[in-house]
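First up is the structure itself, then whatever we jot down about it.
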Amino acid sequence: MTRPERRLPTNRELADLFQTIADYLAFDGATVYRVLAYEKAAETFREHALSVAEMARQGNLRSLPGIGETTEKKVAEYLETGTVGLLETLRARYPEGVLELMRLPGVGPKKARKLWEALGVADLATLEVAAEEGRVRDVPGMGVRTEQNLLAAMAARERRSGRQLLGVVEPQAWALVEALRSHQAIEATDYAGSLRRRRSTVRDIDLVVASRDPASVMAFFSARPELASVEQQGPTKLAARTHTELAVDLRVVPPESYGNLLQHFTGSADHNVALRGYAQRLGFKVSEYNVEETATGRRIVCRTEAQVYDTLGLPFIPPELREDRGELEAAREGRLPQLIELSDLRGDLHVHSDWSDGRATIQAMALAARERGLEYVCFCDHSRSLGMGKGLEPEQVLEQTEVIRHAQGEVEGIALLTGSEVDILADGRIDLPDEVLARLDFVTASIHSGFSQPEEQIMKRLAAAMENPNIHAIGHPTGRLLGRRDPYHVDVRGLVELAAKTGTILEINAAYHRLDLSATNARLARDHGVRLAINSDAHSPAGYDLLRFGVGEARRGWVEAGDVVNTLPLKELRSLLGHP
DNA sequence: GCCGTTTTCGGCCCGACTGTTTTCAGTCG
């Protein structure tokens, strides 16, 4: 008997499935820990670098943290039948629209449930009608304020999307931090949260402040012109929203507790849960104010974050690692990675000039690289297939190499390398002939078309490129555009294994809407001994500023300087590339 | 639902703010 071959669900699909079950269970009144278990499974699936469905097939799903017997069975059921019985039961019991209610700020499972039971509110549309007709205020436990807040939340929801790009949010966060630093009652301040952990997208700005005069800090900050509204304000805590629709949270503590506060609000939530569990076993209780010795009640306050970890017998854990992905164990065992720093980068192997779609000349790009302290830069302009006629024909590529050599004669203090960003065409061919590629210092191959091809076809294309001895690297290897386009169907493990076998470098493209490879994929590559390159993909002199985002993503992937080829001195890089 | 050099059962991180209540539940991070 043949079973119909079912397409394996993506990690994202499984994550969404478990998140939906979690939401339904919360609405149903399940214990919070059961709900959390489903949410944790969803998060684990969403972030995992390898195919979760494939792991389930092979029976080793339970090797993932937080995945137990029940979750494993539910995944198997989904693979087998295309659905999960528990979810169908819940769907039969409650309209799916009630889950939307819980996504409104200020509405959790309890309020959503009350609205549904008391008023028959089944989704946002019926809630809006009920609130406008003034019926919400009559629900026990709710009042006029609740009703108004719900209406405001629904109106605001239209304008607000979820997460914003790190590169968009960071400058705004810096502006707020700079403003706070100008206040004389503030002894220290930083942004914390996912921004400090360098997540590629962030939901809000968390600001932490050390001060002996919280009242004046609150008064000062709540009047900042960047804020469109202040939504919550107590003596030491404030929640606001910027004109750019970003949520801002501010917390103030005395300077002697600043380390505790910064640690607490840097998160991640998972890291803190794990850290507190660990602390508890050692006989300590960790809060945002201190570390308390449970037996004696003695409270240890920490001016710095390092002291928090030190009190628990741990070395400082860099924020980028705080995701509960093994950093506590590594810290305990003294094997935390020595993470790469921006200053480790000696060169940039992927920049564009006005020969293709860049906006600056070769000379201007060279000088800008030198200004930033780089020792070498490689021009990888697009080859001919790029749309709008901006790509270079083979003879133009050769002409450009001559121009670069000429420019080298006029610019001192930085080495100019010749290169190309060639297209891997839809049929796997490369759009420049090998004899041209062979004359370049460094060649990156990228996919810019045929994004919707099936995995097999995509992998064939990537394999053809990696097996070409004239191609050194794969550019933005999964093609994702954050918030706009999912990766094409690439088998990351296959990609990494082939890169290891062929010695192909995989790029971490530092443009903040790409960050591709992602941190989890970079970690997988690094664990397989694949060499990485962190490149800006700059299209203008300012584009070099993107490198810091690439370094952040790499650090989140446990990447060390030794994993990254453009930390090498030029001579060693050349010998690695086979151009002594 | 998950998990165990305290445990296979009984825990599971901890505190601030809001709104509706007269002492606290719900939500959030």
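All values below come from the heavy atoms of this structure, side chains included, with hydrogens, waters and symmetry mates left out. Please read all numbers here as calculations on a predicted model, not as lab measurements. Quick note on labels: first sequence line is chain A, next is B, and so on, each numbered from 1.
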Using a heavy-atom cut-off of 4.0 Å across all strands, would you classify Val286(A) as base, sugar-phosphate, or nothing? sugar-phosphate
If you measure from the Lys or Arg side-chain nitrogens to the Asp or Glu carboxylate oxygens, is any gap between Glu553(A) and Arg480(A) under 4.0 Å? yes
According to ring pair (Phe, Tyr, Trp, His ring centres under 6.0 Å), does anything in residues 184-209 of chain A pair up with another residue at least two apart or in another chain? List the pairs. Trp174(A)-Tyr191(A)
Answer yes when Glu88(A) and Arg91(A) have at least one side-chain N-carboxylate O distance shorter than 4.0 Å, and no when they do not. yes
Nearest whole Å is fine: how far is dG29(B) C1' from Arg163(A) CZ? 13 Å
Can you find a side-chain donor-acceptor pair between Arg199(A) and Ser194(A) that sits under 3.5 Å? no
Indicate for each nucleotide in nucleotides 15-23 of chain B, in 5' to 3' sequence, whether protein heavy atoms under 4.0 Å reach the base (B), only the sugar-phosphate (S), or nothing (-). SSSSSS---
Sticking with atom C1', work out how far dC14(B) lies from dC9(B), rounded to a whole angstrom. 24 Å
Side chain to side chain donor-acceptor pair (under 3.5 Å) pairs touching residues 144-155 of chain A, sequence neighbours excluded, are Arg137(A)-Glu147(A)
Looking only at dG29(B), dG1(B), dT27(B), the nucleotide nearest the Asp206(A) side chain is dG29(B)
Could you state the atom-to-atom distance from CZ of Arg281(A) to P of dG4(B) in whole Å? 9 Å
Could you check whether Val107(A) gets within reach of a base, just the sugar-phosphate, or nothing at all, counting any heavy atom under 4.0 Å? sugar-phosphate
For residues 12-30 of chain A, which residue pairs pass the salt bridge (Lys or Arg N to Asp or Glu O under 4.0 Å) check, not counting sequence neighbours? Arg7(A)-Glu13(A), Arg12(A)-Asp486(A), Asp16(A)-Arg46(A), Asp23(A)-Arg103(A), Asp28(A)-Arg93(A)
Write down the distance separating the P atoms in dG11(B) and dA16(B), rounded off to the nearest Å. 25 Å
Taken to the nearest whole Å, NZ/Lys74(A) to P/dC2(B) is 9 Å
For Arg103(A) and dC28(B), what is the distance between atoms CZ and P respectively, to the nearest whole Å? 13 Å
Judged by nearest nucleotide, the residue sitting upstream toward the 5' end of DNA chain B, Thr31(A) or Lys110(A), is Thr31(A)
If pairing means Watson-Crick or G-U wobble with both distances under 3.5 Å, then the partner of dT8(B) is none
Considering only heavy atoms, which members of residues 254-262 of chain A lie under 4.0 Å from some atom of DNA chain B? none
Compare all side-chain heavy atoms of Phe221(A) with those of His183(A) and state whether any distance is below 4.5 angstrom. no
Decide, applying a 5.5 Å centre-distance limit and a 30° plane-angle limit (both strict), whether Tyr33(A) stacks on dC12(B). yes
If you measure from the C1' atom in dC2(B) to the same atom in dT7(B), how many Å do you get, rounded? 13 Å
Value in whole Å for how far the P atom of dG26(B) lies from CZ of Arg113(A): 13 Å
Spacing of Gln280(A) atom CD relative to dT5(B) atom C1', expressed in whole Å: 16 Å
How are the rings of Tyr94(A) and Trp116(A) set relative to one another: parallel (under 30°), tilted (30 to 60°) or perpendicular (over 60°)? perpendicular
Residue met sooner reading DNA chain B from 5', once Thr70(A) and Phe284(A) are mapped to nucleotides: Thr70(A)
Any cation-pi pair here, Arg181(A) with Phe220(A), using under 6.0 Å and within 45°? no
Can you tell me how far P in dT27(B) sits from the matching atom in dT20(B), rounded to whole Å? 13 Å
Any side-chain heavy atom of Ile340(A) within less than 4.5 Å of one from Ile534(A)? yes
Is a salt bridge present between Arg322(A) and Glu305(A), judged by a nitrogen-to-oxygen distance below 4.0 Å? yes
Where along residues 88-100 of chain A does a heavy atom come under 4.0 Å from DNA chain B, residue by residue in number order? none
Starting from P on dC3(B), measure out to CD1 on Ile67(A) and report it in whole angstrom. 8 Å
Rounded to the nearest Å, what distance is computed from the CG atom of residue Leu87(A) to the P atom of nucleotide dG1(B)? 14 Å
Determine the Euclidean distance between corresponding C1' atoms of dG19(B) and dC12(B); express it in Å to zero decimal places. 29 Å
So that I can tick it off, tell me whether Arg212(A) and Glu256(A) are bridged by a salt bridge, with the cut-off set at under 4.0 angstrom between side-chain N and carboxylate O. yes
dG1(B) to dT6(B) separation - P atoms, rounded to the nearest Å: 27 Å
Is Asp249(A) close to Ile205(A) at the side-chain level, that is, under 4.5 Å between some pair of heavy atoms? no
